[in-house]
Amino acid sequence: MRIAIGSDHAGFALKETIKTLLDDLGVPFDDLGTASAEPADYPDFAEAVARAVAAGRADRGILICGTGIGMSIAANKISGVRAALACTEASATLGRAHNDANILALGGRTTPAAAVPSIVRAFLATEFEGGRHGARVAKIAAIERKDP
Ligand code: RB5
């Protein structure tokens, strides 16, 4: 599995922490920026990571801004992306199992630091359950086709 990861300035420190975690887990990743804690606009990095996932250059993405909210809103504008803001391990697990989330959004200023490793591991390890959830995710894709 290959990950695309990105953040704005408010998520930069947590992005660096997560990169170390990915290294420890042996998960390859592409860091699509930002490269420092200087102010940067979250939609730029949301779009880069979302397009990498939608195009198949990455299997999943991780995006971090101050709250994770702006990143998730922006990433979900890209067709085929299902970005989930998860502040708990349970949310990350269910976002994968029920929603087939392909991007995890985190808040550098809001996600409890102690919870981050378990959130990321759950996002990476949990499989989509399909079945009735597959039918619901298919309805999301149908909405995208109605509103391209
Ligand atoms: C930047 O100050 C902040 O607005 C941004 O990181 C993010 O939280 C937006 O959703």
Side-chain angles (χ1 to χ4, degrees), residues 1-25 27-126 128 133 136-148:
M1 181 189 304
R2 187 163 198 89
I3 300 295
I5 189 168
S7 77
D8 70 357
H9 56 291
F12 176 71
L14 183 53
K15 174 163 67 69
E16 298 309 297
T17 299
I18 292 172
K19 285 164 58 181
T20 300
L21 175 63
L22 293 174
D23 277 335
D24 291 347
L25 295 171
V27 176
F29 59 85
D30 296 311
D31 182 352
L32 303 184
T34 188
S36 77
E38 289 301 307
D41 297 333
Y42 63 84
D44 298 337
F45 306 98
E47 181 177 10
V49 168
R51 290 203 186 280
V53 171
R57 295 191 296 278
D59 301 296
R60 292 184 203 163
I62 299 175
L63 284 166
I64 313 114
C65 60
T67 59
I69 294 171
M71 285 296 198
S72 54
I73 291 171
N76 279 317
K77 297 297 180 189
I78 302 300
S79 192
V81 163
R82 292 174 299 281
L85 172 58
C87 290
T88 63
E89 179 183 347
S91 294
T93 300
L94 289 169
R96 284 287 313 134
H98 288 189
N99 311 112
D100 199 15
N102 50 16
I103 291 183
L104 171 67
L106 298 170
R109 296 169 175 161
T110 56
T111 306
V116 167
S118 62
I119 291 170
V120 171
R121 279 196 294 266
F123 174 68
L124 297 177
T126 306
F128 180 46
H133 303 297
R136 292 164 184 160
V137 170
K139 287 194 172 191
I140 296 174
I143 294 170
E144 287 177 337
R145 289 194 295 274
K146 282 190 281 189
D147 193 19

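All values below come from the heavy atoms of this structure, side chains included, with hydrogens, waters and symmetry mates left out. For ligands, and for the atoms within them, numbers begin at 1 and follow the listed sequence.
- The list of ring pair (Phe, Tyr, Trp, His ring centres under 6.0 Å) pairs with a residue in residues 87-109, not counting sequence neighbours, reads H98-H133.
- Put simply, the side chain of F128 reaches to within 4.5 Å of the side chain of R96, judged on heavy atoms.
- Distance CG/L124 to CE/M1: 5.5 Å, rounded to 0.5 Å.
- Residues meeting the side-chain contact (heavy atoms from CB on, under 4.5 Å) test with A50, sequence neighbours left out: A75, I78, V81, I103.
- Residues satisfying the side-chain contact (heavy atoms from CB on, under 4.5 Å) criterion with S91, sequence neighbours excluded, are A86, T88.
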Between ligand 1 and the protein, which N/O pairs are shorter than 3.5 Å?
from	atom 1	to	atom 2	distance (Å)
ligand 1	2 (O)	R109	NH1	3.2
ligand 1	6 (O)	D8	OD2	2.6
ligand 1	6 (O)	G66	N	2.8
ligand 1	8 (O)	G66	N	3.1
ligand 1	8 (O)	T67	N	3.1
ligand 1	8 (O)	T67	OG1	3.4
ligand 1	10 (O)	G70	N	2.9

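- The structure places OG1 of T20 at 11.0 Å from NZ of K15, a figure rounded to the nearest 0.5 Å.
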